[in-house]
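Some notes on the structure that comes next.
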Amino acid sequence: MSALSRDDVAHVAMLARIQLSEDELDRLAGQLDQIVGWVGQVNEVAAADVAPMSHPLPLVNITRADEVRPSLSSEQALSNAPSAQDGRFGVPRILDEE
């Protein structure tokens, strides 16, 4: 894999609208080249029999069954509301409508 040049880093910085000094360009060129090298090493090790993963540990979501249970009626839910209108909570208007 070819090394990242200082011009490559300057081009990416321009695309990202990041202003870098001459010293930063030199330093980042070396650092980004190392990162690209490490990614290349990972690609060499990656095998077809290894499944891609999003987390290093197996995660399992624990969810309960979706069951209908008794709940408040509309009247009960709105009984303490400071303002109710047409079976809904009344809230102050925040946008002017014409």
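All heavy atoms count here, side chains included; hydrogens, waters and symmetry mates do not. Since the structure is predicted, the reported quantities are computational estimates derived from the model, not experimental observations.
Linking Ile, Leu, Val, Met, Phe, Trp and Tyr residues whenever their side-chain heavy atoms come within less than 4.5 Å places L25 and I18 in a single cluster. Linking ILVMFWY side-chain heavy atoms closer than 4.5 Å, directly or via other members, places V36 and L28 in a single hydrophobic cluster. Linking Ile, Leu, Val, Met, Phe, Trp and Tyr residues whenever their side-chain heavy atoms come within less than 4.5 Å places V9 and W38 in a single cluster.
Residues L20 and A13 share a closest heavy-atom pair of CD1-CB, 3.6 Å. Scanning both residues, Q19 and E24, for their nearest heavy atoms gives O-OE1, 4.1 Å. Summarising the geometry of F89 relative to A77, their closest heavy-atom pair is CZ-O, 3.8 Å, with the distance given to 0.1 Å.
Atom CZ of R27 is surrounded by more than 12 heavy atoms from other residues, nucleotides or ligands within 6.0 Å. No more than 12 heavy atoms of other residues, nucleotides or ligands lie within 6.0 Å of CD in Q85, so this atom counts as exposed by the packing criterion. Atom CD1 of I94 sits in a sparse spot, with 12 or fewer heavy atoms from other residues, nucleotides or ligands closer than 6.0 Å.
In this structure, D8 contributes its side chain and S5 its backbone to a donor-acceptor pair below 3.5 Å.
For the atom pair S74 OG and D86 CG, the distance stands at 12.0 Å (nearest 0.5 Å).
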